[in-house]
Amino acid sequence: MRLTNTLSGRVDPLDISRGEVGIYVCGVTPYDVAHVGHAMSLTIYDVLVRYLRWPGNPHGGLRVTFVSNYTDVDDKLIQRGHELERDPLELASANIDAWEREQQALGLLAPDVRPRVTCEIPGIIATIEAIVAAGAAYATPAGDVYFRVRAKPDYGKLSHRNIEDLRSGTRGEPGEGKEFPLDFALWKAAKPGEPAWPSPWGPGRPGWHIECTTMAQRYLGTTFDIHGGGVDLIFPHHENEIAQAEAAADGQTFARLWMHNGMVQRDGEKMSKSVGNVVTVEAALDRWTPDAIRLFVLNSQYRSPNNLTDEAMAAATRGVERLATALAQAPAGAPTGVNPEPYRARFVQAMEDDLATPQALAALFDLARAINRARDAGERVAEAQIALRELAGVLGLSLAESRAEELARLDAGAISRLASQLDVACSGKDAAQTVDALLERRQTARAERDYALADRIREALTGLGVIVEDTAEGPRWSVRRD
RNA sequence: GGCCACGUAGCCAAGUGGUAAGGCAGGGGUCUGCAAAACCCUUAUGCGCGGGUUCGAUUCCCGCCGUGGCCUCCA
């Protein structure tokens with residue numbers, strides 16, 4: 001598999017010679033609820049992990065250790081806690097709980113490890129001590145510890161800048177005991193009332209970047225395979241992670257490959273609080289299905305910005321239905337049928353080539369069309385349907401929800417009332433049986449050519465979210481997803 | 001202001017130095033009592049604008065315009 005590597009600036013092969021892959025993805029700083037940008041980012045790495053683990057990939061499935069953190073103590077969190085008059089650590093914890101419920105609803109795999117900064121303080125202090133010992137950091141009288149950027153001549157190699165360019169862009173930051181404007185905090189001395197932990201430099205908390213260095217190396221080793229996150233993290237966050245890790249480990253490589261996903265835009269504009277167009281995960285789940293959100297994300301290349309519009313989401317919603325429809329019951333047919341192998345090969349080829357999910361999806365849509373066509377012709381499609389479900393599963397698309405989940409959306413009371421209006425026997429205990437009874441009544445009406453009644457029943461059911469389709473085998477119904 | 005991406009049909013979005021995947025929407029048709037779903041056909045002679053290189057550019061180069069990212073917190 002080849003992936004675009006920000007560090008090298010090329011599309012590099014992923015080294016799978018060890019048979020296992022370690023992946024670290026920067027998670028959120030939980031000072032607020034999660035938005036669709038967070039969902040997009042995790043969805044991309046979720047698909048990468050699913051694909052690498054998939055037995056159908058050319059390597060037969062790899063062992064993957066997936067780590068994604070929570071930065072549950074930092075300046076922003078403290079500020080927000082102050083505004084809301086809440087304890088910042090408690091605020092972080094509450095936002096993490098909500099976000100984890102949303103991740104589950106979005107069908108995101110739980111990372112193998114979800115470390116939190118507040119549980120990793122001793123390790124972070126040890127990393128800082130190693131950096132200080134290596135001469136790449138210094139403590140100030142105030143109790144802060146700064147990374148000495150000029151001790152790292154290749155600083156800037158990830159974001160492809162050099163120290164001089166960066167310095168010229170710096171707007172006169174106050175000294176605070178820094179030797180050099182670009183030096184950044186590894187440890188921040190606590191002001192009164194701020195969360196603090198004891199350290200060799202006095203009470204304080206970790207700086208922003210050090211936690212990821214420490215947690216990634218603790219769970220994945222000094223050197224690991226893939227480090228991911230949004231493009232907005234390249235500088236300074238990831239640049240600084242590299243600087244810290246290499247300083248602490250005598251120049252040993254930190255992550256071999258750096259992946260960065262593009263940002264979500266809303267109607268062509270940046271999504272931000274100041275514009276007032278932030279779509280929270282909660283709002284998105286309220287409006288669109290998890291599969292539709294996922295299809296929207298995967299329909300564009302992960303590195304490109306992705307424009308969230310109502311029309312695009314409607315298209316994604318219909319697209320999911322199209323794929324799901326291809327999985328619908330087919331009559332057992334003749335021995336001829338659809339061979340899914342060419343589609344599977346296209347899918348794999350696309351995924352191997354820098355996680356080209358748009359092209360992988362195109363293969364799935366083509367397979368769906370082939371299935372529908374063959375089914376219309378009365379051919380066997382079972383193998384192809386199994387393949388479609390499997391490949392969709394690699395992308396994390398569930399497609400077919402369970403019958404129980406579908407039936408749970410039925411408005412049993414309204415259906416019961418409809419049955420009594422039409423004088424149809426209602427078992428009173430099972431809405432699905434009542435729907436069946438209503439459709440039997442409609443079939444009778446159709447047989448008697450009483451189409452007015454037949455249409456009335458169908459329209460009434462449609463109004464209740466029950467979609468009726470007449471097929472050669474009789475009527476089929478499903479519950480609309482809103 | 002500096003650095004870096006991107007700009008493809010009504011919408012979302014792939015892609016390539018030799019003539020534009022896929023999805024949605026639209027139009028026509030098949031099927032159906034009518035629908036729905038599905039299937040078939042169709043929808044950019046054109047890939048922001050202007051130059052240049054080339055036998056040939058949407059794909060390479062230059063300029064301009066627009067959007068976005070980073071330079072300060074951000075998936």
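Reminder, nothing fancy here: chain letters follow the sequence lines and each chain counts from 1.
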On the nucleotide [N], are OP1 or OP2 found under 4.0 Å from the side-chain N or O atoms that [X] carries?
X: A:Asn299; N: B:C12; value: no
X: A:Arg322; N: B:C39; value: yes
X: A:Asn372; N: B:A37; value: no
X: A:Lys270; N: B:U67; value: no
X: A:Ser304; N: B:A14; value: yes
X: A:Arg446; N: B:U32; value: no

Report which part of the nucleic acid [X] touches: base, sugar-phosphate, or nothing (heavy-atom distance under 4.0 Å, all strands).
X: A:Val264; result: base
X: A:Phe235; result: sugar-phosphate
X: A:Gly229; result: sugar-phosphate
X: A:Gly27; result: sugar-phosphate
X: A:Arg456; result: nothing

What I want to find out is whether [X] reaches [Y] closely enough, with some N-O distance under 4.0 Å, to be called a salt bridge.
X: A:Lys76; Y: A:Asp32; value: no
X: A:Arg256; Y: A:Asp225; value: yes
X: A:Arg303; Y: A:Asp354; value: yes
X: A:Asp310; Y: A:Arg287; value: yes
X: A:Glu390; Y: A:Arg344; value: yes
X: A:Arg10; Y: A:Asp12; value: yes

Open item on the list: For the backbone of A:Val67 and the side chain of A:Arg114, can you confirm whether one donor and one acceptor N or O come within less than 3.5 Å of each other?
Closed with: no

Taking the [atom1] atom of each, how far is [N] from [M], in whole Å?
N: B:A13; M: B:U58; atom1: C1'; value: 16 Å
N: B:A35; M: B:G27; atom1: P; value: 14 Å
N: B:G17; M: B:U30; atom1: C1'; value: 42 Å

Kindly point out which of [options] is positioned nearest to the side chain of [X]?
X: A:Asn306; options: B:C71, B:A13, B:A25; answer: B:A13
X: A:Arg458; options: B:C73, B:C40, B:A35; answer: B:A35
X: A:Arg373; options: B:A75, B:C40, B:C71; answer: B:C40
X: A:Ala454; options: B:G33, B:C71, B:A38; answer: B:G33

Heteroatom pairs (N/O) under 3.5 angstrom, protein to nucleotides 9-11 of chain B:
{"unit_1": "B:C11", "atom_1": "O4'", "unit_2": "A:Glu311", "atom_2": "OE1", "d": "3.4"}

